[in-house]
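For reference, the structure discussed in these notes is given below.
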Amino acid sequence: MRRVRYAVAMSLDGYIAGPNGEADWIVGDPTINIAEFFKAFYAQFDIAVMGRRTYELVGGAIEGMRTYVFPRTLSPGNCKGVTILSENGIEELARLRAEDGRDIWLFGGGRLFGSLASAGLVDSVELGVMPVLLGGGTPLIAGIAERVKLKLVHSEHSAVGVVSLKYELNR
């Protein structure tokens with residue numbers, strides 16, 4: 001079974017995007033070859049799932065991955081290279097998760113993360129915590145009906161102050 005992994009950058013005060021959807025606060029680590037990092041990261045996934053705002057920010061499908069968008073307000077005709085998941089999205093993601101293949105990258109969307117975590121469809125939360133306080137923006141998670149308990153399985157920090165955290169969801 002595939003694992004659904006919520007992997008995002010987050011500000012120290014819990015936001016995954018600034019007040020206007022910006023991501024210019026995400027710092028790079030000069031000791032890491034960013035092209036090699038993303039090549040290795042992307043190789044772990046063959047499906048990407050995102051909310052409407054993240055889709056609009058990215059501007060399309062994630063290269064090399066089947067891309068699915070959970071919109072509340074998005075016309076399927078305007079979305080090239082992606083599959084729109086609407087009324088049956090939770091069931092479709094459960095079906096995709098049961099397929100053989102690489103993991104599924106849940107990329108952005110705090111409300112989407114909340115919905116999928118509440119439905120028991122998220123396996124891990126992988127955060128790159130940036131050394132910045134935004135004071136507002138898109139929260140890491142929103143709209144959860146109950147607490148989501150986590151178990152820390154890995155942590156490390158970089159020379160520029162980014163803390164990487166990986167949690168598994170306790171079920």
Side-chain angles (χ1 to χ4, degrees), residues 1-11 14-29 32-119 121-130 132 134 136-144 162 164-166:
M1 178 179 292
R2 299 171 186 265
R3 295 172 39 79
V4 176
R5 297 166 46 195
Y6 185 41
V8 295
M10 179 184 82
S11 67
Y15 297 101
I16 59 172
N20 299 308
E22 68 274 16
D24 59 346
W25 49 272
I26 298 173
V27 299
D29 184 338
I32 295 174
N33 180 316
I34 198 73
E36 288 179 17
F37 171 84
F38 277 108
K39 182 178 178 183
F41 179 78
Y42 282 18
Q44 300 172 54
F45 305 97
D46 58 4
I47 293 177
V49 174
M50 64 185 83
R52 178 194 52 85
R53 283 191 226 150
T54 303
Y55 168 74
E56 289 174 348
L57 182 67
V58 171
I62 304 294
E63 187 176 333
M65 295 184 211
R66 294 185 330 208
T67 304
Y68 295 83
V69 178
F70 278 82
R72 281 189 297 266
T73 57
L74 189 63
S75 170
N78 297 337
C79 305
K80 300 206 187 306
V82 303
T83 300
I84 300 297
L85 299 175
S86 51
E87 293 177 21
N88 65 341
I90 297 288
E91 294 83 14
E92 180 64 13
L93 183 58
R95 187 190 67 72
L96 292 169
R97 190 171 174 244
E99 290 179 350
D100 289 332
R102 289 179 269 161
D103 287 344
I104 298 170
W105 180 23
L106 174 53
F107 174 51
R111 184 165 298 285
L112 177 57
F113 170 43
S115 297
L116 298 180
S118 294
L121 292 175
V122 178
D123 298 290
S124 68
V125 180
E126 302 169 26
L127 304 171
V129 182
M130 301 293 132
V132 63
L134 297 178
T138 304
L140 174 71
I141 189 167
I144 57 173
V162 175
S164 297
L165 302 168
K166 181 175 181 180

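This chain uses plain numbering: 1 for the first residue, then up along the sequence.
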Can you tell me how far the [atom1] atom of [X] sits from the [atom2] atom of [Y], to the nearest 0.5 Å?
X	Y	atom1	atom2	answer
M10	T138	CE	OG1	13.5 Å
F70	I84	CZ	CD1	10.5 Å
L106	F45	CG	CZ	9.5 Å
I16	L134	CD1	CG	11.0 Å

Any side-chain heavy-atom pair from [X] and [Y] closer than 4.5 angstrom?
X	Y	value
R97	M1	yes
L96	R66	yes
T54	L112	no
V162	D29	no

At their closest point, which heavy atom of [X] faces which heavy atom of [Y], and how far apart are they?
X	Y	result
S124	R3	CB-NH2, 3.5 Å
V132	S11	O-CB, 3.4 Å
A48	M65	CB-SD, 3.8 Å
V58	F107	CG2-CE2, 3.3 Å
I26	A9	CD1-CB, 3.7 Å
R111	G143	NH1-CA, 3.7 Å

Might you work through the side-chain contact (heavy atoms from CB on, under 4.5 Å) test for L93 and L116, ending with a clear yes or no? CA-CA 9 Å; L93 183 58; L116 298 180; 3.6 Å; yes
[Y] backbone acceptor or donor facing [X] side chain under 3.5 Å:
X	Y	answer
R53	G21	no
T67	I62	yes
R5	I104	no

Under the side-chain contact (heavy atoms from CB on, under 4.5 Å) rule, what do V125 and I141 come out as? Steps first, then yes or no, please. CA-CA 11 Å; V125 180; I141 189 167; over 6 Å; no
Give the C-alpha distance, both sets of side-chain angles, the deciding distance and a yes or no for salt bridge (charged side-chain N to carboxylate O under 4.0 Å, His left out) between R95 and E99. CA-CA 7 Å; R95 187 190 67 72; E99 290 179 350; 2.9 Å; yes
In terms of ring plane angle, is the pair F38 and Y42 parallel, tilted or perpendicular, where the classes change at 30° and 60°?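 Perpendicular.
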